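Please read the structure below before turning to the comments.
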Amino acid sequence: VRKEQALEIMATLARILERENVTPETLLPKPHLDSLSRVELSASIEDVFGIEMNDDALLKSFKSVGDVLTYCESIQ
Amino acid sequence: VIESILGVIPQHLDRSYIEDRSKLEQFERVTGIKHTWRFNNGSTMDFVKLSFERIKESLQWQDYRSVVFITQSPDRLSPNMAIEFATWAGFNKECIAYDVNRACDGWLLGLQIAGHSPTLIVSVDRLRYRPNPIEGLIFSDSVVFTEWSYDVDETFAVKVKNTHDGSRAHLLSAGLDGRMFMDGQSVFEFATQEVAKQIPQEWVKDCDYFVPHQANLSMIKTLSKRIGAAEKTLYSIEQLGNTSMNSIPLTLAYNKIGPSKVLMCGFGAGLSSICYFLRMTEPIKTRLEYL
C-alpha cells in the first residue's frame, strides 16, 4: 500500500470516527461499524484501490484501523 | 413518445429535530441527500388528487386508452387505485385502468407497459424506512404524471434491457404494514457491480446523458464511474432525495434537457433492474411543482 493510499483510508476512518486523526491501533466501534459507515468505508476503499468490495461480513470483522490497512495490503 | 413529465413534490421536512448532528453530517456526506420531502396530510390517493389539481392544466390531452398507476404505497389491496383515480379525474370510462407494484425501476417498466397506447402513467411512492431517525431521511415522497403517446412516424428510438432475481427479494423489501427492510451493503454491491455489468457498453458510448436511479450519491458516483459515464451523469439527489421509481423522471424534469440520447437505469427491490435507451427528437415538456 502506497503511503498516500494508506493516508486516504485513514482520513476516511478519522472522518467516520469523528477524530482529528487515527493510528493503526485505533479501535473501531463494537460490535462493528454501522451500515452508513460501512458504505462510506467500502466506497473509499473502492475509490482508492479501484477494486470491488464484496463482503459485508468482512467489513463487519474489522476491529481496528490496522485491520483495515492489513486488508488493503492484501488486495494489492 | 414521452409527451410530458409533470412532477409534484410535497412539503419540506425540517431536520432540526435530529439531535445527532455529526451522524446527520455523515448521512449527507455519504448519500448526498440534503433535503427530504414528505406528504403527511392524508392518504396516497389524497396526495395524488391534490397533485393532479395542481398540474392538470399542463396535461396535453385526456383521451387516454390506459391509466397505469405505479406504486408501492397503495392505500389498500382492493379495489385498485387506478380506477378510483381515473373516474375521479373524469377520464374516459372505457380506458384500461390498473395498478402496478414495482420498485425503483417502476417508471421505466411503466413506459414499456404503455407500449402502443396513449397512456397516463401515475407514479407515486411514500416509502417509510425507519432503522433510525437519520437513515429514514433517505426516501422522499413524490407524484409524477407522465403522458405517453405512440406515433409510428416519430423518429423515436427505444432500446430496453430488463433483469430480475427474485431469490434475493429479502435484501430489500416492505411488508403489508409498510415497514421496510434494506441490507444496504448488499444493495450497494448489486447496484455498483451487477447493474454496472448489465448496462450495455455501446449504449453508454452512444448516449449524451446517463440518468441512473437516484439511490444515493455514493452509489451513483461509483456506478457511473465504473461504466465510464461519470461526465454524462445527471443528478437530482441532493435537492430531491431518493424518490424511488420517480427519481429518473424527476431528474429529467429537474435538468430540463433538450433533444438528446438518454440512457436511463433503474434498479432496486426484486432485485431487478431496467436499462432504457431513449432518443428524443423533441424536448419533453416538463414541470416541477412544490406543494
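Below, chain A is the first sequence line, B the second, and so on; all start at residue 1. It should be emphasised that the depicted structure is a prediction, and the values quoted were computed from it without experimental measurement.
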(request) With the side chain counted from C-beta on, respond yes when A:Glu40 and B:Phe27 share a heavy-atom pair under 4.5 Å apart, and no when they do not. (result)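 No - every pair of side-chain heavy atoms lies 4.5 Å or more apart.
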
Hey, is [atom1] on [X] packed in by over 12 heavy atoms from elsewhere, all under 6.0 Å?
{"X": "A:Glu73", "atom1": "CD", "result": "yes"}
{"X": "B:His164", "atom1": "NE2", "result": "no"}
{"X": "B:Tyr254", "atom1": "OH", "result": "no"}
{"X": "B:Glu231", "atom1": "CD", "result": "no"}

(message) As an exercise, state the distance from OG of B:Ser218 to CG of A:Leu36, rounded to the nearest 0.5 Å.
(response)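 Rounded to the nearest 0.5 Å, the OG-CG separation comes to 8.5 Å.
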
(request) To the nearest 0.5 angstrom, please state how far the CD1 atom of A:Ile16 sits from the CZ atom of B:Arg29. (result)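 Result: 7.5 Å between the selected atoms.
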
(message) Please identify, among B:Lys221, B:Lys23, B:Glu25, B:Arg226, the residue contributing the most non-hydrogen atom pairs under 4.5 Å to chain A.
(response) B:Arg226

(message) Quick one about B:Glu135 and A:Ser35 (side-chain donor to acceptor, distance below 3.5 Å, no hydrogens or angles considered), yes or no?
(response) yes

(request) Check whether B:Gln26 gets within reach of chain A through its side chain, its backbone, both or neither, counting any heavy atom under 4.5 Å. (result)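 Its backbone and side chain both get close to chain A.
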
(message) With a 4.5 angstrom heavy-atom cut-off, is it the side chain or the backbone of B:Lys225 that approaches chain A, or both, or neither?
(response)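 Side chain only.
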
